[in-house]
Amino acid sequence: MTDNTTTPEITDEEALARVKARRGYLLPVHELMAEVDPQILRKYDDLASDLLFSDTPRALDLKTRYLVLVGVTTAVKGDPDGIVWSAKRAVREGATRREVLEAILLSALPGGVPTVEEATHVLSRVFDES
């Protein structure tokens, strides 16, 4: 675990630049974290990067991790942009259209059918904007 006394402080601009460089985009939550405390954003980004973006071998490959994220983001009625980017990353890692749709449909069990209905509004952004 990282000790705050040995981690150099960064500014909110530096933290945001680091996130954008790693991911290629910024979400409103990134900006909020940077404004409150850039160290929070740095820690969050380190964790998310290790879990989601790392090529380090894990029990689940990248495609499966992104498909799980598609389903979870849908089930918790998360940010529609989160559904889009995780689905696009799953496709980039080899997921088929049917696999993405199944991940979304599975969210109906814990989240209810309205979660799936809401996700259908962003599907064109996943498959039509390649």
Side-chain angles (χ1 to χ4, degrees):
M1 180 148 226
T2 304
D3 178 1
N4 283 340
T5 60
T6 61
T7 304
E9 296 292 317
I10 59 174
T11 67
D12 55 344
E13 293 86 10
E14 291 169 333
L16 288 168
R18 181 178 169 198
V19 170
K20 188 167 186 178
R22 260 192 194 169
R23 298 170 184 236
Y25 60 88
L26 289 174
L27 297 174
V29 69
H30 299 141
E31 293 170 350
L32 179 132
M33 288 178 183
E35 185 176 335
V36 171
D37 184 343
Q39 301 310 314
I40 293 171
L41 176 58
R42 182 189 52 77
K43 290 175 184 178
Y44 169 82
D45 186 54
D46 286 347
L47 176 62
S49 293
D50 191 42
L51 290 174
L52 298 176
F53 307 122
S54 174
D55 289 329
T56 303
R58 303 215 184 292
L60 299 177
D61 61 24
L62 280 172
K63 177 183 95 169
T64 305
R65 283 185 260 166
Y66 291 128
L67 287 170
V68 168
L69 197 56
V70 168
V72 170
T73 303
T74 302
V76 300
K77 300 178 186 167
D79 180 19
D81 289 337
I83 297 168
V84 171
W85 75 254
S86 56
K88 283 185 173 188
R89 284 185 183 260
V91 168
R92 201 175 314 142
E93 293 297 325
T96 65
R97 177 184 174 94
R98 185 173 176 144
E99 288 173 320
V100 170
L101 296 177
E102 188 170 321
I104 289 171
L105 187 58
L106 283 169
S107 73
L109 295 172
V113 173
T115 63
V116 175
E117 291 171 344
E118 187 63 31
T120 63
H121 295 288
V122 299
L123 287 178
S124 65
R125 291 174 45 203
V126 172
F127 298 111
D128 296 338
E129 291 181 6
S130 299

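A quick note: this is a predicted structure, and the numbers were derived from the prediction, not measured. Starting from 1, each residue takes its place in the sequence as its number.
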### Query
Checking salt bridge (Lys or Arg N to Asp or Glu O under 4.0 Å) for the pair Asp45/Lys20: CA distance, chi angles, key distance, verdict?
CA-CA 10 Å; Asp45 186 54; Lys20 188 167 186 178; over 6 Å; no
### Task
Check the pair Arg65 / Leu51 against side chain to side chain contact (heavy atoms under 4.5 Å, CB included), numbers first and verdict last.
CA-CA 8 Å; Arg65 283 185 260 166; Leu51 290 174; 6.0 Å; no
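Side-chain N or O atoms of Arg18 include none that pairs as donor or acceptor with a backbone N or O of Arg42 at under 3.5 Å. For Tyr66 (side chain) and Leu52 (main-chain N/O), a donor-acceptor pair under 3.5 Å exists by modelled atom type. Of the possible donor and acceptor atoms, one in the side chain of Ser107 sits under 3.5 Å from a partner among the backbone N and O of Ile104. Side-chain atoms of His30 come within 3.5 Å of backbone N or O of Leu27 as a donor-acceptor pair.
Closest heavy-atom contact between Ala108 and Val116: CB-CG2, 3.7 Å. The two atoms that bring Val126 and Val84 nearest to each other are CG2-CA, 3.8 Å, heavy atoms only. The shortest non-hydrogen separation linking Ile40 to Met33 is CG2-CG, 4.2 Å. Here the closest heavy-atom approach between residue Glu14 and residue Ile10 is recorded as OE1-CA, 3.3 Å. Residues Asp12 and Ala34 come closest through the heavy atom pair CB-O, 3.3 Å. What you find for Ser86 and Ile83 is that their closest heavy atoms are OG-O, 3.3 Å.
Note that the NZ atom of Lys43 and the CG atom of Asp46 stand 9.5 Å from one another [nearest 0.5 Å]. In this structure, CG on Leu105 lies 11.5 Å from OG1 on Thr120, to the nearest 0.5 angstrom. Rounded to the nearest 0.5 angstrom, Leu123 CG and Leu101 CG are separated by 6.0 Å.
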Show which side-chain atoms of residues 68-79 pair as donor or acceptor with protein atoms under 3.5 Å away, not counting sequence neighbours.
residue	atom	partner	partner atom	Å
Thr73	OG1	Leu69	O	2.7
Thr74	OG1	Val70	O	2.8
Asp79	OD1	Asp81	N	3.3

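Between Glu99 and Lys63 a salt bridge is recorded (basic side-chain N to carboxylate O distance below 4.0 Å).
Residues Trp85 and Leu60 are members of separate hydrophobic clusters, defined by side-chain heavy-atom contacts under 4.5 angstrom among Ile, Leu, Val, Met, Phe, Trp and Tyr. The hydrophobic clustering, which links ILVMFWY residues whose side-chain heavy atoms are closer than 4.5 Å, places Val113 and Leu106 apart.
Under 3.5 Å, the side chains of Asp61 and Thr64 contain a donor-acceptor pair of N or O atoms.
The local environment of CD in Glu93 is crowded, with over 12 non-hydrogen atoms from other residues, nucleotides or ligands closer than 6.0 Å.
For Asp50, the side chain to side chain donor-acceptor pair (under 3.5 Å) criterion is met by Arg58, not counting sequence neighbours.
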